[in-house]
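When a ligand or atom number is given, it counts from 1 through the structure's own listing order. Hydrogens, waters and symmetry mates play no part in the numbers below; they use all other heavy atoms, side chains included.
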Amino acid sequence: MEIINWKELLYPYAQTVDELLLKFRSLDKECRQLGIYSPIDSVTGRLKRPASILEKAGRKQISPDRIEEEIEDIAGIRILCQFVEDIPKVIEMVRKRKDMTVIEERDYITNTKPSGYRSYHMIIRYPLFTALGEKTVPAEIQIRTNAMNFWATAEHSLRYKYSGNIPQELQDRLKNCAEAAFHLDTEMATIREEITNAQRLNEIKNNLVANILENIQNLYFVAKLDDMNDIKKEYIRLWNGDDMEALKEFNEKLNIMAEMYRV
Ligand code: 0O2
């Protein structure tokens, strides 16, 4: 039997996971910095374990030399969303990218699996530039809500514990949990706007406060001590008052002060 060099085989997949993580996390970070709503809540990635690759190859009768061509989820990332409504936005984001090609999509949200599993899967081909040249690597992107993920992670652990044969009674309970998770997603959708508005306000306030603190820090190097004491007092008063407009005005004032000192 052919011995698989796992280190060599897995290297491009590990690199692919790292690059995909960086790309999708950067998108999310950029949205937050710009104060735009991000449909991505978080992104995780994983490399399929050799035991799991071999189990799948055995189950699907894939010979070891065909593993790279036929097992498409060795590299996997998971994009988690707060709301079901965010999922189509993420799907569109992936479809539009020029640095990866979608070759298959599986909608287990509309077509829930008999286990109760809900998630959207996209199989992509990702061009990777390695030290040895270009290589096209398959990868799976799973997109789901936090509620779907909570359920799937728990069920996956039980599936692993019982080697795929979860006792019927536990399966029934898991089905109930899947319905509860679905209900949670449906209920959350009804107050989505309220939640996202509150989050956007928090994000704007956090960015503003970070700006103010940076300005204060810079002014410490150049401004008079008396001025700095007044600034400190005003900042504490405004921070406790929670008035966004006043915070904005204060930041403007700091910008002007910094400009004057620069001149
Ligand atoms: P791991 O540990 O993440 O590698 P399959 O025949 O189902 O193994 P296929 O044909 O690629 O594989 O299909 P599918 O079902 O589209 O995608 C497989 C992956 O989806 C699984 O990978 C899981 O991550 C997830 N998944 C699919 N069905 C279920 C389910 O009923 N419960 C849970 N919890 N996850 C599911 P692996 O290989 O199982 O896991």
Ignoring hydrogens and angles, write down the donor-acceptor pairs under 3.5 Å from the side chains of residues 75-82, residues two or more places apart or on other chains.
unit_1 : atom_1 : unit_2 : atom_2 : d
Arg78  : NE     : Gln142 : OE1    : 2.9
Arg78  : NH2    : Gln142 : OE1    : 2.9
Gln82  : OE1    : Gln199 : NE2    : 2.9
Gln82  : NE2    : Gln199 : OE1    : 3.0

Exercise. Ion pair present between Lys175 and Glu155, side-chain N to carboxylate O less than 4.0 angstrom?
Worked result: no
Exercise. Cation over ring, Arg97 on Phe24, under 6.0 Å and within 45°?
Worked result: yes
Problem set entry | Residues that, via side-chain heavy atoms closer than 4.5 angstrom, fall in one hydrophobic cluster with Tyr160 | none
Exercise. Under a 4.0 Å heavy-atom cut-off, what residues line ligand 1?
Worked result: Arg46, Lys48, Ser52, Lys56, Arg59, Lys60, Asp73, Arg106, Tyr108, Lys113, Ser115, Tyr117, His121, Glu140, Gln142, Ala152, Glu155, His156, Arg159
Can I get a per-line list of side-chain donor-acceptor pairs under 3.5 Å for residues 213-225, giving both atom names and the distance, sequence neighbours left out?
unit_1 : atom_1 : unit_2 : atom_2 : d
Asn215 : ND2    : Asn251 : OD1    : 3.1
Asn215 : ND2    : Asn255 : OD1    : 3.0
Asn218 : ND2    : Glu214 : O      : 3.4

For this session: Taking the six-membered ring of Tyr37 (Phe, Tyr or Trp), confirm whether the NZ or CZ of Arg192 is under 6.0 Å from its centre and within 45° of its axis.
Result: yes
